[in-house]
Amino acid sequence: MTPTSRSRPQQGALLDLPATAPQAVDGEGVSEPVARVVVDVPLPHLDHTFDYLVPPAMASVALPGTRVQVRFAGRDRSAYVVERRSDTDHRTTLAPLRRAVSPVPVLSPTVLDLCRAVADRYAGMLMDVVRLAVPPRHATTEKAVLEKHAPGALVSRVVDPPDSQAWQAYTGGPAFLRHLAAGESPRAVWTALPGHEPVPGAALSNGSASVESTVEPTVPAGVLPWPTSIAQAAHATLASGRGVLVVVPTTRHVTQVVDALAAILPNEPVARLVADDGPARRYRAFLRTLLGEARLVVGTRAAAFAPVTDLGLAVIFDDGDDRLAEPRAPYPHARQVLALRAEREGAAMLVGGFTRTVEAQLLVEQRWAHPVQAPRELLRRVTPRVEAPGEVELAREGPAAAARIPHPAWRIAKEALTTGPVLVQVARGGYVPVVACARCREPARCRTCHGPLRLERAGAAPSCSWCGRIAADWACSTCGDTRVRATRVGSTRTAEELGRAFPSVPVVVSGATADHGVVETVDDRPRLVVATPGAEPVARGGYVAALLLDGATSTSRPELWASAEALRRWLGAAALVRGAEAGGRVMLLGQPAPVPAQALVRWDPAGFAARELAERAELSFPPAVRLAAVQGTPAAVRSLLGHLEPLDGLEVLGPVAVEAPDPRTEAPAPTRRPRTGSPRAAARPVPPRPLVPEPEVRAVLRVDRRQGAALSRRLAHAAAARSARKEDGGVRVQVDPPDLW
DNA sequence: ATTTGTGTGCGG
DNA sequence: CGCACACAAATG
């Protein structure tokens, strides 16, 4: 691995000085007295290395990978040493390092190389990526970990490969594990089967309440919960003496994977890298990874950069979850980070999920990864029977066809509740999250801020979901009517209705809203579980049935990804239900779009992904092509586009005005600090900052996928040229923007 | 951002 | 000519 420690040439045509011959530096006894560093400055044209002199006192501390402080443009800035050398290409005398912050080389050459690749791919700055990769230092934790750490005690335990039963359910599965165990680096896109933890005792005792279960369903070998399958792949990789990194969307997923690893590899330490754990625990887990104390690392998106020693396998699960995309510049996606990493470090990769994302489909079609999925016959047995009755079928059943929960759905729930738990997936949380005028159906809005009104609980007056004001004397601005009706029904109200219909069955609500938290698990007793997508509790032994309400709500969104996202959510819920062989049933309701609905009924996420990708190729949409969005004030966007060097086949769409920022998500007024401490600031005329932020525009750049790297390079150059000229008005450059259309 | 270097204009 | 101020370039 070659770290990219070479000083990059000055950006653009601004400064094309003849390369100065490296000059030896007299270090007064210090060997390699030059520290090449990356400095934390937010200016794109300064996104390269700088050389400093290492004072004798820091000679053995300021080693490559360590944090230091340097004087830069008159201020102390934090920086990382990326290289130590004995010469410099800088012409004038070097300034000394100010302070060695810590002796721990937190930025390893491998991770630095990855950060550079990610920055390049996303047209961003190296330091922005490094900030994502290296968690903030926690001094007391660092001291504690270093004191306890005994380098000699690191025993690379030899692990035997997993038994040959593992992954047998999947075509190509055993081969995948075999290659991992042999130290090779296969890549797979894995469509996971629903698997359920067996109910203790149920498989053995035949005195179950279920009368007709004379035939005990035989769960085929290898149909296991997804975290267990991942643990088996990790096991195989450990057998080759290499480390494993697993990245998942949420803390909840992390816990599931950590538990599965503990069950299969009880003696193997696991590092849990989750930002939610807080600075101390997060930094401790990071250091344990860095020191090689844990070869198994599990975490959320930032963990994609974890310094796993000798990485053998990178895993990402449920890669369609938007929480795997980093919200800070340069907005890298964990799937992409891991893919770059697998290539650069020669590691294997596993992209898994119940659905198959369009991006994963592209990896398959490019032959970058092999598909790993179950044969049709097995799939039919272990997935639930799914129905998506159309209006015609429902009308045959009786007059209540248009009801949110039509008669056939009630019947499924009633039958299932005699045996075990039933899941009801509802698109929205809360009680009645959106109301409209009862007469003209115009959405009801707040008189003060024009936010949408909702009902927070039974019998409550409507209130604004943006500002919280109670709209006690609301009247429709269109027709004057004072009555409201529900346009969306949330999980709380749904639970209320279901509770009335099944008074003898307990009802559980799970969701990320304030009223109630996310419920992790439920047992196998009869119970109604109402949950929003992603918050479905795992039921021991699997749900007997699931009702997926609000089908249209999830597919009618205008975004490009709406139907793929709907299918992902439906499959996520349906995968918690027992297989058809064990009586599991799913009903999809609420007029969903037919294409994703049929993909669910046939349980064919790969077919859906192939069709979706073909369609996007036809329309020149990503990921079939590479897109980048450039957003900012009109002048700033225009200037950035003006600085772009020509690129074959580059299409520039727009710029067009972007819709007004949403007052819910937009911070109030970004009060600019007047810097009271500095007398200079008072003397300088403050540029007038508009009270109302200037409206922004966005341009979309489109190129062939093979030109993607060239586009990113040009965007980074243009941003550097702009910042070098101190052109103000920030522009946000986003490669692979997730939220277009 | 902040510092440093260079150019310009005006008073002496 | 000398100095203050403005602007541009560089930041090690």
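We name chains A, B, ... by the order of the sequence lines, and we start the count at 1 in each one. Side chains included, hydrogens not; waters and symmetry mates left out as well; all remaining heavy atoms used.
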Strictly below 4.0 Å, N to O, side chains only: are [X] and [Y] in salt-bridge contact?
X        : Y        : value
A:Arg116 : A:Asp47  : yes
A:Arg335 : A:Asp319 : yes
A:Asp51  : A:Arg36  : yes
A:Glu651 : A:Arg702 : yes

[atom1] of [X] versus [atom2] of [N]: gap in Å, rounded?
X       : N      : atom1 : atom2 : answer
A:Leu46 : B:dA1  : CG    : C1'   : 10 Å
A:His90 : C:dT11 : NE2   : C1'   : 9 Å
A:Phe50 : C:dG12 : CZ    : C1'   : 7 Å
A:Asp40 : B:dA1  : CG    : P     : 14 Å
A:Arg91 : B:dG5  : CZ    : P     : 14 Å
A:Phe72 : B:dT4  : CZ    : P     : 13 Å
A:Asp51 : C:dT11 : CG    : P     : 12 Å
A:Glu83 : C:dG12 : CD    : P     : 19 Å

- Item | From CA spacing to verdict: ring-ring contact (aromatic ring centres under 6.0 Å, His included), A:Tyr122, A:Tyr331 | CA-CA 7 Å; A:Tyr122 287 95; A:Tyr331 320 102; 8.6 Å; no
- Task: For DNA chain C, determine which residues of residues 93-100 of chain A have any heavy atom closer than 4.0 angstrom to one of its atoms, and list them numerically.
- Result: A:Leu94, A:Ala95
For nucleotides 7-9 of chain C, print each protein N/O atom paired with a nucleotide N/O atom at under 3.5 Å, atom names and distance only.
residue : atom : partner  : partner atom : Å
C:dA9   : N6   : A:Lys726 : NZ           : 3.2

- Task: Go through the steps for A:Arg698 and A:Val630 under the test side chain to side chain contact (heavy atoms under 4.5 Å, CB included), then give the verdict.
- Result: CA-CA 6 Å; A:Arg698 171 156 71 178; A:Val630 177; over 6 Å; no
- Item | Heavy-atom donor-acceptor pair, A:His45 side-chain to C:dT11 base, under 3.5 Å |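 Side chain to base: pair present.
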- Message: Mind checking if A:Leu53 touches a base, just sugar-phosphate, or nothing, with heavy atoms under 4.0 Å?
- Response: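 Nothing: the residue A:Leu53, judged by heavy atoms under 4.0 Å, touches no strand.
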- Query: A:Asp40 and salt bridge (Lys or Arg N to Asp or Glu O under 4.0 Å): which partner among A:Arg67, A:Arg75, A:Arg131?
  - Reply: A:Arg131
- Task: Report the C-alpha separation of A:Gln336 and A:Arg121 in whole Å, then their side-chain angles, then the decisive distance to 0.1 Å, and conclude whether the side chain to side chain donor-acceptor pair (under 3.5 Å) test is met.
- Result: CA-CA 9 Å; A:Gln336 191 59 41; A:Arg121 161 71 223 258; 3.2 Å; yes
- Is any side-chain nitrogen or oxygen of A:Arg75 closer than 4.0 Å to OP1 or OP2 of B:dT2? yes
- Message: Restricting to side-chain contact (heavy atoms from CB on, under 4.5 Å), what partner residues turn up for A:Thr309, sequence neighbours left out?
- Response: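 Checked A:Thr309 against side-chain contact (heavy atoms from CB on, under 4.5 Å); zero matches.
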